[in-house]
Amino acid sequence: MLHNSLKEWKHIFKLDPAKDISDELLDRVCESGTDAIIVGGTDDVTLDGVLDLLSRIRRYTVPCILEISNMESITPGFDYYFIPMVLNSKEKKWMMDIQHEAVKQYKEMMNWDEIFVEGYCILNEEAKAYKKANCQLPTEEDVLAYAYMAERMFHLPIFYVEYSGTYGDPKLVEKVKDELTDTMLFYGGGIENKTQAREMSQHADVIIVGNSLYTNPTEALETVRAVKNEK
Ligand code: 1GP
């Protein structure tokens, strides 16, 4: 069952533990009014990097989520843990096997009130995660079938349309939303300003803003108000 507070979320910032962020910018991010902060990345995610961000974000009241990238950087102390499953990977490893390993190692510690599994569909061939997880580019029909499977076959709480690094197709996001009833739709990728934030949040339940925080923080920070008040 999806935690009630998550059901109300509209906006999340994603911070990469492999990237530097100043205290000043982190303060603006944590006080921005975003619903939560995800700590997660693809390359060079280390326990030190994760712990550094966790301890700094913990000074604020904003909920803090670890999106698990590898076994080495799993640590207690987050409010929530998101476990990705890459639905359009060509390898069972990214859908099943690493999660299986993680369960063998951490089963005793797993609190399912805090854990949410995300069905990822990665649609940008240039994204690091696309390459790392050895993905296959799905057609629109494929994406809609993945969304259907995420909800109906796997009962996943979250379906994540991931365009990491590039702005995606809002029409496709709209069609995906029509496919889902209980499963929440997350959209992430290339959101740099209010207009894009508003466009994607017309369809997605939650938008995730990552990279633009590091490149143009002022505009990235404006995406919060764009989706939370001015809908
Ligand atoms: C990455 O979906 C998030 O996992 C956000 O993407 O970094 O392109 O904003 P961007």
Side-chain angles (χ1 to χ4, degrees), residues 6 9-21 25-26 28-29 32 34-45 49-50 53 64-70 73 78 80-89 94 116-133 135 137-138 143 146-147 150 156-170 172-173 176-177 184-201 203-224 226-227:
L6 260 77
W9 289 358
K10 293 188 166 67
H11 186 286
I12 298 178
F13 279 126
K14 191 182 282 194
L15 295 177
D16 187 341
K19 287 184 186 165
D20 288 331
I21 183 164
L25 178 54
L26 192 70
R28 288 162 73 199
V29 171
S32 63
T34 187
D35 293 304
I37 295 177
I38 291 178
V39 173
T42 304
D43 290 337
D44 306 319
V45 175
V50 168
L53 270 183
C64 191
I65 301 157
L66 179 65
E67 187 172 58
I68 295 168
S69 329
N70 57 46
S73 54
F78 283 85
Y80 300 103
Y81 294 83
F82 285 180
I83 302 177
M85 293 171 75
V86 184
L87 304 179
N88 65 315
S89 171
W94 301 98
F116 298 93
V117 178
E118 306 167 292
Y120 257 81
C121 190
I122 313 181
L123 296 170
N124 173 15
E125 290 174 286
E126 301 306 317
K128 279 187 281 183
Y130 183 101
K131 291 176 182 161
K132 186 167 184 186
C135 289
L137 192 66
V143 176
Y146 281 133
L156 300 181
I158 297 163
F159 184 70
Y160 194 132
V161 173
E162 171 68 293
Y163 276 92
S164 181
T166 192
Y167 190 64
D169 175 3
L172 176 61
V173 178
V176 172
K177 178 63 187 170
M184 287 180 83
L185 175 58
F186 281 27
Y187 171 85
I191 294 179
E192 295 180 333
N193 55 49
K194 290 186 281 192
T195 313
Q196 291 170 332
R198 260 189 228 119
E199 183 172 51
M200 284 304 182
S201 73
H203 313 302
D205 296 300
V206 177
I207 60 159
I208 293 95
V209 179
N211 196 46
S212 66
L213 267 180
Y214 298 92
T215 55
N216 189 345
T218 300
E219 278 203 70
L221 286 159
E222 288 173 359
T223 60
V224 179
V227 306

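These numbers were taken from a predicted model, which means no experiment stands behind them. Heads up: numbering here begins at 1 and tracks the sequence. As the structure lists them, so they are numbered: ligands from 1, and atoms in each ligand from 1.
Phe82 and Tyr80 have tilted rings, their planes meeting at an angle from 30° to 60° on a 0 to 90° scale.
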**Request:** Mind running salt bridge (Lys or Arg N to Asp or Glu O under 4.0 Å) on Lys131 and Glu126 for me, showing each step along the way?
**Result:** CA-CA 7 Å; Lys131 291 176 182 161; Glu126 301 306 317; 3.6 Å; yes

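The shortest N or O to N or O distance between Thr166 and ligand 1 is not below 3.5 Å. Residue Asn211 has at least one N or O atom closer than 3.5 Å to an N or O atom of ligand 1. For Ile191, no nitrogen or oxygen atom sits less than 3.5 Å from a nitrogen or oxygen atom of ligand 1, counting backbone and side chain alike. By the 3.5 Å distance cut-off applied to N or O atoms, Gly210 is counted among the residues near ligand 1. Ligand 1 has no N or O atom lying under 3.5 Å from any N or O atom of Val209, backbone or side chain.
In Tyr160, the part holding a heavy atom less than 4.0 Å from any atom of ligand 1 is the side chain.
With 3.5 Å as the limit, one finds a donor-acceptor pair spanning the side chains of Glu199 and Tyr167.
Within the 4.0 Å heavy-atom cutoff, Ser212 does not count among the residues contacting ligand 1.
Distance check, rounded to the nearest 0.5 Å: CD1 of Ile191 to CD1 of Ile208 gives 8.0 Å.
With ring centers used as reference points, Trp9 lies 6.0 Å or more from Phe116.
In summary, the atoms of ligand 1 found under 4.0 Å from a heavy atom of Ser164, numbered by their order in the structure, are 1 (C), 6 (O), 8 (O).
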